[in-house]
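Step one of this worksheet: look at the structure below.
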Amino acid sequence: MASFKPTKIQVYPKLGEKVTQDTLYWKNYKAPVQIKEFGAVTSIDFSPVTPHNFAVTAFTRIHIYGPFSQEPVKSFTRFKDTAYCGRFRSDGQLLVAGCEDSVVRLFDVSGKVALRLFKGHTKAVHLTDFTSDRYQILTGSDDYTCRLWDIPNATELTTYREHTDYIRCGVTSKLNRDLFITGSYDHTVKLFDARVEKSVITMDHGQPVESVLLYPSEGLLVSAGGRHVKVWDLLKGGQPLVSLKNHHKTVTSLALSSNGQRLLSASLDRHVKVYSTTNYKVVHNFDYAASILSLALAPDDESIVVGMTNSILSIKHRKNQEDSKEIAGQQRRRPSYRVFVKGKNYVPKQDDYLVSKPVKEHLAKYDKQLRRFNVSKALDTALETWIRFRKPEITMAVIKELDRRGTLKNALAGRDERGLSQLLNFLIGNFVDARFTPVLVTAAEMILDIYQSIIGQSPLVDRQLLRLQDLVEKELDYQKELLEVLGMLDTMFASSLPRKEVPSPTVDHFPTCSLNTDS
Amino acid sequence: WEVLGPSAHVSALEMAADGGSSSLQLPCVFSPKSRQFLALCAQDGRLRIWNTDSKTLHQEYVPSAHLSATCTCIAWGPCRTVKEGPQRKKRKSEAVQVEEKADLLAMGTAAGTVLIYSTAKGALHCTLDGAHSGGVNCVQWHPEESLLYSGSDDTNIVEWDLQTGKTRSKWKADRAAVTSLCVSPDGKLLLSAGHIIKMWDLDTKEVYRKFTGHSTAVTTLRFATTRPPDSNGLYFLSGAAHDRLLSVWQVREDGKDKNSVVSFTLTDEPQHIDLVTSNSKEEAVRLAVVCKDGQLHLFEHFLNGPCKKPLSPSCTVQMSDTKESPMPIPLLAAVLGADTRTVMLAYGSHLQPVMEKVVSLLKETEIHDVKTPIVNAKSKVLVPGLPGHQAPLKGTSQGSEKRKKDTDTKEMSIAERLGEIDLSTISEKGASKGTASLQTDNFAVLLVQGLESNDASILNKVFQTRKDMVIKKTVARLPLSAVLPLVEEVTYTFVLSYRASLMVRWLKAVLMHHTSYLASLPDLVTQLGVLYHVIESRVKMFHKLTKLHGKLYLLMTQVSANICSAASFKSVFEDYSLTSQELSLSHKERMSLSSPHFCSYTPGSCEKSLHVVSKHLMTALRAPGDRFCKTELDFVLFSV
């Protein structure tokens with residue numbers, strides 16, 4: 001006995017964004033935790049040592065959050081004015097921060113009062129950082145100078161006066177204690193060497209520089225300013241490598257993913273873009289509610305922390321595998337399933353005699369009806385509200401199957417006003433979907449053939465038919481335009497193809513006619 | 001004003017820039033007696049003194065600490081003649097003379113200092129400080145001696161001696177901030193209030209009485225009579241924040257003055273008060289109150305004991321501009337003239353207040369429908385704002401119209417000016433062109449931004465345009481670098497198909513405007529190949545669809561033709577039904593009873609009912625078996 005073949009539901013390609021490795025990776029974050037700070041969040045820095053706390057500079061405070069806490073584990077509030085750029089030392093013990101009142105403060109992470117005050121700048125200090133030998137501090141200020149300080153004595157070592165505008169960002173080399181880089185509103189990024197008293201390399205960014213970032217290898221430098229993100233090759237003496245322009249407002253912050261393969265840029269236009277560092281194409285995009293001022297990634301990309309102008313700090317934690325395992329575990333605990341899989345993985349021994357028991361076929365309702373040749377009922381089932389709206393492809397598959405069997409006409413016939421209007425509703429809803437149109441046109445024609453005698457008797461059906469007519473008319477207009485576009489494209493393709501000699505001399509004047517159809 | 005009667009509206013040209021003064025309570029006071037000056041303190045701390053006769057700025061003074069210590073209250077004090085309430089001035093007719101003009105002006109600041117400004121010198125006279133630790137809420141002059149009282153957030157009242165510029169005494173007045181002060185006309189009593197109103201004997205600085213009743217901070221205190229307290233004839237009134245009442249309290253000899261005796265209803269919190277005190281029982285108290293909503297209420301009342309019912313204003317004034325849909329203009333302050341019929345008004349923006357003297361025939365007005373004047377075009381119009389304009393307005397509409405015209409030629413509101421500019425640009429470029437080009441420029445920039453950052457909201461906004469002109473111009477202005485991203489974006493939306501019909505226009509525009517650029521691309525086929533395939537797959541069904549459309553079209557026209565013929569056939573019936581309808585109106589009721597659909601059937605709505613009848617007839621004929629249709633048929637037969 002030939003077994004019944006269930007209706008094949010065609011799988012249509014999903015429309016919309018392409019799923020890539022990157023989208024999967026960057027979408028694998030939980031819903032953000034949002035914390036209201038006291039003012040715009042200007043800087044976020046992760047501690048280099050576990051448990052990787054991070055310091056959030058907002059208004060006159062620096063809060064230190066633990067990796068999972070939503071309350072600050074520590075806060076430094078003794079600033080007389082807006083604080084800037086709270087940064088950890090590489091051992092995570094000390095924290096340095098600039099301030100609007102031009103004083104740089106050094107804190108012990110476990111203490112409360114500043115250990116050292118560095119006075120000397122005359123204007124707000126927006127850049128502070130530790131050098132890699134951990135005994136010096138780099139600061140950059142609105143008074144156009146950047147300075148190196150000795151931590152133990154709190155004395156100024158050197159002053160560099162090369163910039164001609166505010167210095168707003170900078171970074172020290174993690175490999176060499178004498179190298180540091182500053183970015184200024186005078187559009188330049190300068191690489192300084194503490195051993196030679198002046199800048200070694202100057203790079204012109206073209207816009208006021210808001211943020212700089214060094215690759216871990218320190219061969220490449222990324223600068224952000226204006227709407228541009230630029231990558232420079234330091235080993236080649238500061239040659240520009242790439243210029244990216246993927247934001248429509250000023251880019252304010254940069255970050256690098258833990259493996260160094262992805263570069264992130266955050267901007268006032270509320271987006272965070274993720275670039276691949278191999279080809280510098282945007283591979284992912286995050287949207288936030290307000291303009292972003294600061295961005296930081298936890299080690300291993302465990303969390304993405306973003307600070308915004310509306311003083312909201314948004315923390316996205318990575319979904320870890322434990323969570324997903326837990327869900328799987330719950331599923332496994334369901335008894336019915338356990339019963340179902342019982343003995344499934346039993347391996348027969350060699351001398352066991354195998355009695356094959358036919359697996360009971362599970363058929364969908366419409367398939368059962370189809371098997372019994374209840375075509376009308378099968379179509380009814382397929383037109384049930386839930387299927388009709390949520391899985392139109394099932395309805396489509398049933399209609400197609402009926403058409404293949406040649407019983408579509410029977411299935412469509414003999415409906416009352418309600419049934420017919422339901423059918424027409426489905427038609428109207430899915431008619432313009434290019435994937436369904438071929439089947440539905442057939443169905444529509446059949447419906448008209450069957451019911452033309454009663455048209456005009458029910459106002460409801462009449463109205464729906466009018467709507468259908470309307471729809472078809474619009475679709476036709478639209479397709480007409482599309483055909484015109486096709487014509488244009490043909491012409492364009494034709495003219496773009498290299499002119500080849502066509503053997504037949506008669507079509508010599510239109511040598512590309514035959515070619516464009518192939519394209 | 002001659003007839004600022006029941007619905008008294010004074011319309012005015014809208015002031016060009018209304019600095020949002022209506023929402024803020026700004027200290028604003030007329031000088032006493034002659035009302036020659038209006039002192040106004042803006043949010044930015046500037047004191048401006050306007051001459052009410054010439055309607056010009058008389059003096060401007062910026063205190064040195066005007067931003068940190070903004071002025072919270074001002075009070076005029078001409079040679080010991082006047083006393084003022086917090087934030088508003090109160091005119092006491094008392095000693096006068098020595099100087100014609102009001103000279104000294106006391107300003108309390110948020111920093112706790114009191115500045116004395118001299119209009120005669122046009123400079124700061126002196127600064128009184130050191131006594132208050134909180135902001136000053138109110139300053140009041142003693143009517144006779146050169147004393148000044150100030151109440152502050154620090155709960156203290158300070159008595160300043162202006163001769164020496166020093167504190168004469170200072171005492172704690174309340175547990176809460178002192179928000180209002182008032183010195184009695186005879187200078188012997190002082191009222192102070194936070195939430196509780198206290199009456200102090202100024203000689204001993206002891207509390208004479210306490211009055212409780214307000215639940216919010218009292219902002220206004222004013223003596224209403226000049227009689228001595230021992231005659232049961234001393235009344236004062238008080239108004240509080242967020243309170244739409246002014247309460248009148250009687251100071252009784254026997255001390256049984258627990259509750260207020262009279263209350264006046266207002267439309268909003270009182271902002272500025274002026275009143276003419278009564279000296280005897282036979283004299284009415286006249287009161288002008290400007291509320292926070294910008295309306296002026298005028299009251300007249302004889303104070304003689306309790307009156308249970310709240311009193312409504314005898315006249316309400318709301319200023320409005322003279323546009324087609326008039327907008328109300330908030331009043332800033334109003335004072336009653338010495339002559340019982342005049343009122344001086346200040347209104348509009350605090351940056352450029354308009355001052356005007358108007359005449360009222362308060363007594364002749366009817367009081368009924370005065371409460372909330374509705375601003376409408378029919379109201380009698382008095383156009384203010386003309387220097388020297390004091391003429392009472394004739395009640396005739398002719399006069400007002402003339403006046404309106406006059407001002408229109410002289411002054412134009414910003415909106416009108418903008419309108420003129422619009423017209424001129426349109427006449428230059430032609431209406432639609434001018435606006436479209438403006439917008440497309442915008443759109444091109446937006447589109448480029450959206451494409452660069454791939455911002456869905458921006459792109460949506462741009463792509464929702466339906467105007468062909470806008471699309472064309474936008475595409476034409478698109479830089480070449482943005483063309484390919486746009487094509488990509490368009491392709492993407494084509495695949496999604498939900499707004500594809502709109503995108504065709506964009507695509508066409510791109511292909512037309514950038515043909516040569518696109519054609520010059522070496523990898524054109526790969527760039528546009530996806531798009532080509534998407535479109536091709538979409539138009540595959542064109543042939544079949546057209547056929548289907550033909551079928552549908554044929555059927556539907558058949559149906560509609562049938563309906564038409566049926567309708568024309570039935571119209572005979574309708575005529576009959578209609579005539580019968582008109583002949584026997586008595587049938588109407590029965591009909592409406594028999595069929596609810598005809599409830600609205602009146603001879604006046606014949607057209608509509610005709611339509612209804614025809615519709616019902618058609619359905620009835622089509623499906624005679626239906627029960628509902630039967631009743632319809634019955635009805636038709638019946639009416640025939």
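Chain identifiers are assigned alphabetically (A, B, ...) following the order of the sequence lines, protein sequences preceding nucleic acid strands; residue numbering begins at 1 within each chain. On a predicted model such as this, the values are computed, not experimentally measured, just so you know.
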Donor-acceptor pairs under 3.5 Å, side chain of residues 541-557 of chain B to any protein atom, not counting sequence neighbours: which ones?
| residue | atom | partner | partner atom | Å |
| --- | --- | --- | --- | --- |
| B:Thr546 | OG1 | B:Phe542 | O | 2.4 |
| B:Lys551 | NZ | A:Asp449 | OD1 | 3.2 |
| B:Thr557 | OG1 | B:Tyr553 | O | 2.7 |
| B:Thr557 | OG1 | B:Leu554 | O | 2.7 |

Show me the donor-acceptor pairs, under 3.5 Å and distance only, between side chains in residues 503-513 of chain B and residues at least two apart or in other chains.
| residue | atom | partner | partner atom | Å |
| --- | --- | --- | --- | --- |
| B:Arg505 | NH1 | B:Arg466 | O | 2.5 |
| B:Lys508 | NZ | A:Glu481 | OE1 | 3.3 |
| B:Lys508 | NZ | A:Glu484 | OE1 | 2.6 |

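Residue A:Met492 holds its CE atom at 10.0 Å from OG of B:Ser520, rounded to the nearest 0.5 Å. For the atom pair A:Leu489 CG and B:Ile535 CD1, the distance stands at 5.5 Å (nearest 0.5 Å). Rounded to the nearest 0.5 Å, atoms OG (B:Ser453) and CZ (A:Arg227) are 8.5 Å apart.
For a residue to count as touching a neighbouring chain, one of its non-hydrogen atoms must lie under 4.5 Å from one of that chain's; by this rule A:Asn246 touches chain B with backbone and side chain alike. Within the 4.5 angstrom heavy-atom criterion, only side-chain atoms of A:Lys273, from C-beta onward, approach chain B. Contact of B:Thr526 with chain A is not made at all, since no heavy-atom distance falls under 4.5 Å. Proximity to chain B (any heavy atom under 4.5 Å) is restricted, for A:Thr442, to the side chain, taken from C-beta onward. Using a 4.5 Å cut-off between heavy atoms, A:Leu468 contacts chain B through both its backbone and its side chain. Looking at A:His271, only its side chain comes within 4.5 Å of chain B, counting heavy atoms on both sides. Only the side chain of B:Ile458 comes within contact range of chain A, with at least one heavy atom under 4.5 Å from a heavy atom of that chain.
When all heavy atoms are compared, the tightest approach of B:Val525 to A:Phe493 is CA-CE2, 4.2 Å.
When the candidates A:Leu486, A:Thr437, A:Val472 are compared by the number of heavy-atom contacts under 4.5 Å with chain B, A:Leu486 comes out ahead. Between chain B and the options A:Lys480, A:His247, A:Met488, the largest number of non-hydrogen pairs under 4.5 Å is found for A:Met488. Note: A:Leu476 leads A:Val441, A:Asp477, A:Leu476 in heavy-atom pairs under 4.5 Å with chain B.
Taking the charged nitrogens against the carboxylate oxygens, B:Arg538 and A:Glu475 do have a contact shorter than 4.0 Å, which makes a salt bridge.
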